[in-house]
There are 2 protein chains.
Amino acid sequence: MTTDPYNIACTHGFIQSSCSDCNLKGLCLPIAMDLKDIDRVNDIIKRSRPIHAGEHIYRTGDGFTSIFAVRSGSIKTYLLDDDGVEQVTGFYLPGEILGFDGIGNNTHGCNVVSMETSTVCEIPFERIEELSLQIPVLQRHFFQLMSQQIESDHQMMMTLSKKNAEGRVTTLLVSLSNRFSRRNLSAKSLRLPMSRMDIGNFLGLTIETVSRTFSRLQKEGIINVDGREIHINDNEKLHSVCHASK
Amino acid sequence: MTTDPYNIACTHGFIQSSCSDCNLKGLCLPIAMDLKDIDRVNDIIKRSRPIHAGEHIYRTGDGFTSIFAVRSGSIKTYLLDDDGVEQVTGFYLPGEILGFDGIGNNTHGCNVVSMETSTVCEIPFERIEELSLQIPVLQRHFFQLMSQQIESDHQMMMTLSKKNAEGRVTTLLVSLSNRFSRRNLSAKSLRLPMSRMDIGNFLGLTIETVSRTFSRLQKEGIINVDGREIHINDNEKLHSVCHASK
DNA sequence: ACGGTTGCTTGATTTAGGTCAACAGAAAAA
DNA sequence: TTTTTCTGTTGACCTAAATCAAGCAACCGT
């Protein structure tokens with residue numbers, strides 16, 4: 001086994017060191033990109049050593065130099081307000097890209113921490129910006145990724161503003177289920193990468209309410225809960241509860 | 001007076017038909033852009049006839065072709081969920097750019113409606129995308145604008161998730177005050193462009209709670225309220241109430 | 001001058017979810 | 001082994017904001 005810090009990260013047991021081999025490339029790179037251009041992107045990417053649970057990738061105020069693609073594990077982003085109150089602003093799973101805040105004023109706008117052992121691909125922004133000038137489909141891709149982030153943030157505003165506890169929790173479950181199945185993992189059985197604390201913080205609820213909501217959904221036969229293991233029994237009901245408003 | 005629909009829009013009483021003359025260009029275009037490039041941008045922009053209160057600029061699902069800069073008046077964006085429930089996702093004032101959702105899947109992701117008589121500059125996206133490949137500072141600018149939108153959406157998530165009614169209302173007032181003063185308007189006295197309904201919808205509160213909160217802030221001497229006219233008496237207190245959490 | 005509609009305010013009551021408190025299982029430490 | 005810590009669950013109670021209801025002023029079209 002190699003000791004190269006950029007190559008020991010793969011969780012699948014084999015070294016995966018190039019974008020063209022990566023089974024996540026359909027998520028973080030444009031599909032319609034020819035191999036030559038993928039290699040040009042590949043050349044500027046730095047692959048990380050494993051990042052342990054609780055370890056930060058960057059913090060608010062750090063100089064902005066790179067965006068990051070999650071390769072394995074799971075990551076959360078959060079803000080701290082003036083009083084030190086934490087607000088979780090997002091959960092990021094393999095194939096997803098984070099760090100698009102930060103471009104605005106050349107300073108990272110949030111804190112990023114690993115929720116379990118994770119690996120990321122670091123994408124130096126100035127380099128990818130140059131490439132984007134030369135590869136139109138890449139420029140378009142980044143506009144699209146940022147646009148999707150904006151759309152999903154707006155959905156989140158809707159969730160926080162209009163939905164009750166059941167609606168919020170089920171919305172998160174549906175989102176996670178979709179994102180797992182995009183990676184060809186089970187949409188029915190999933191292991192939550194985050195604590196009840198983080199769920200509550202993200203959804204604007206207390207841990208007690210999150211816990212009670214899980215229990216209620218289980219009692220109604222919609223899901224089975226065993227700690228962080230969730231099984232979706234009744235997807236239809238789950239989706240209908242999803243719209244529950246306050 | 002001309003009847004050219006693209007040139008009757010100016011509210012200042014004179015025709016203003018070029019970006020280089022526009023007193024908002026510092027807000028929607030990069031500062032470090034030379035005149036030649038500003039003219040190239042100017043050439044692709046379509047200036048709108050006046051859009052009346054309640055008139056839509058586009059709706060969710062419409063084909064995405066352009067982003068828009070607000071030139072005068074005020075605009076709100078909102079989502080409709082499956083049950084037809086409205087969620088206001090943003091208020092846009094002169095110099096601000098909207099429509100960055102929509103890039104992701106080539107379809108507009110929200111509804112956009114004018115809150116009063118407004119004019120906008122329509123920026124055809126494919127044209128500005130081409131220009132962005134040729135003018136690096138312009139590409140950077142759009143990345144920055146989208147990044148700022150993401151950051152402010154995250155702040156909004158914090159507001160909705162963590163703040164009580166007073167915190168939410170004052171946060172909106174502070175934001176509006178800042179955005180008015182950016183345009184060299186009074187930061188102390190402002191006229192709200194939106195109804196109590198829209199404020200409540202945006203902030204995840206009922207109109208009654210919004211109304212009561214305004215009344216309470218007035219009783220505490222922090223602001224004066226006369227319908228949509230707001231005067232900020234005690235900016236310091238306003239900012240401290242701003243952090244009020246639930 | 002006329003109802004009718006719309007936007008906003010205020011009061012009385014209800015309720016979802018917050019707060020406080022106790023406890024249990026799992027994992028880590030001693 | 002016991003102890004401690006951490007995470008999650010459940011119960012009792014309380015409170016901020018929702019809901020329900022009434023009323024008022026401004027503005028509309030007739």
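Just so we're clear, the structure is a prediction, and the values are computed from it rather than from any experiment.
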By the side chain to side chain donor-acceptor pair (under 3.5 Å) test, which pairs, at least two apart or in different chains, include something from residues 235-246 of chain A? H243(A)-D82(B)
Classify I207(A) by what it touches in the nucleic acid, base, sugar-phosphate, or nothing, heavy-atom distance under 4.0 Å. nothing
Heavy atoms under 4.0 Å, any strand shown: does G204(A) hit a base, just sugar-phosphate, or nothing? sugar-phosphate
Rounded to whole Å, please give me the gap between [atom1] in [X] and [atom2] in [N].
{"X": "N201(A)", "N": "dG18(C)", "atom1": "CG", "atom2": "C1'", "answer": "15 Å"}
{"X": "K246(B)", "N": "dG18(C)", "atom1": "NZ", "atom2": "C1'", "answer": "9 Å"}
{"X": "Q218(B)", "N": "dC8(C)", "atom1": "CD", "atom2": "C1'", "answer": "13 Å"}
{"X": "D226(A)", "N": "dT9(D)", "atom1": "CG", "atom2": "C1'", "answer": "13 Å"}
{"X": "E229(A)", "N": "dT7(D)", "atom1": "CD", "atom2": "C1'", "answer": "15 Å"}
{"X": "E208(A)", "N": "dT9(D)", "atom1": "CD", "atom2": "P", "answer": "11 Å"}
{"X": "I230(A)", "N": "dG8(D)", "atom1": "CD1", "atom2": "C1'", "answer": "12 Å"}
{"X": "R191(B)", "N": "dC8(C)", "atom1": "CZ", "atom2": "C1'", "answer": "13 Å"}

With sequence neighbours excluded, what pairs up with E229(A) under the side-chain hydrogen bond (donor to acceptor under 3.5 Å, both in side chains) test? R191(A)
Distance below 4.0 Å between [X] side-chain N/O and [N] OP1 or OP2:
{"X": "S195(B)", "N": "dT6(C)", "answer": "no"}
{"X": "S215(B)", "N": "dT9(C)", "answer": "no"}
{"X": "T209(A)", "N": "dG18(C)", "answer": "yes"}
{"X": "T206(B)", "N": "dA18(D)", "answer": "yes"}
{"X": "R196(A)", "N": "dC6(D)", "answer": "no"}

Contact list for DNA chain C against residues 157-177 of chain B - heavy-atom distance below 4.0 Å: none
For atom CE of M115(B), is the number of surrounding heavy atoms from other residues, nucleotides or ligands below 6.0 Å larger than 12? yes
Any donor-acceptor N/O pair under 3.5 Å between dT10(D) base and R216(A) side chain: no
On a plain distance test, is the side chain of R212(A) in donor-acceptor contact with the base of dG8(D) below 3.5 Å? no
Heavy-atom distance under 4.5 Å between the side chains of L176(A) and L93(A), does that happen here? yes
Residue pair R168(B), F202(B): steps toward the side-chain contact (heavy atoms from CB on, under 4.5 Å) verdict: CA-CA 10 Å; R168(B) 296 183 200 193; F202(B) 181 59; over 6 Å; no
Would you confirm whether D101(A), through its side chain, and I150(B), through its main-chain N or O, come within 3.5 Å as a donor-acceptor pair? no
Test applied, side-chain contact (heavy atoms from CB on, under 4.5 Å); reference residue, H231(B); option that passes from D226(B), I223(B), N224(B): N224(B)
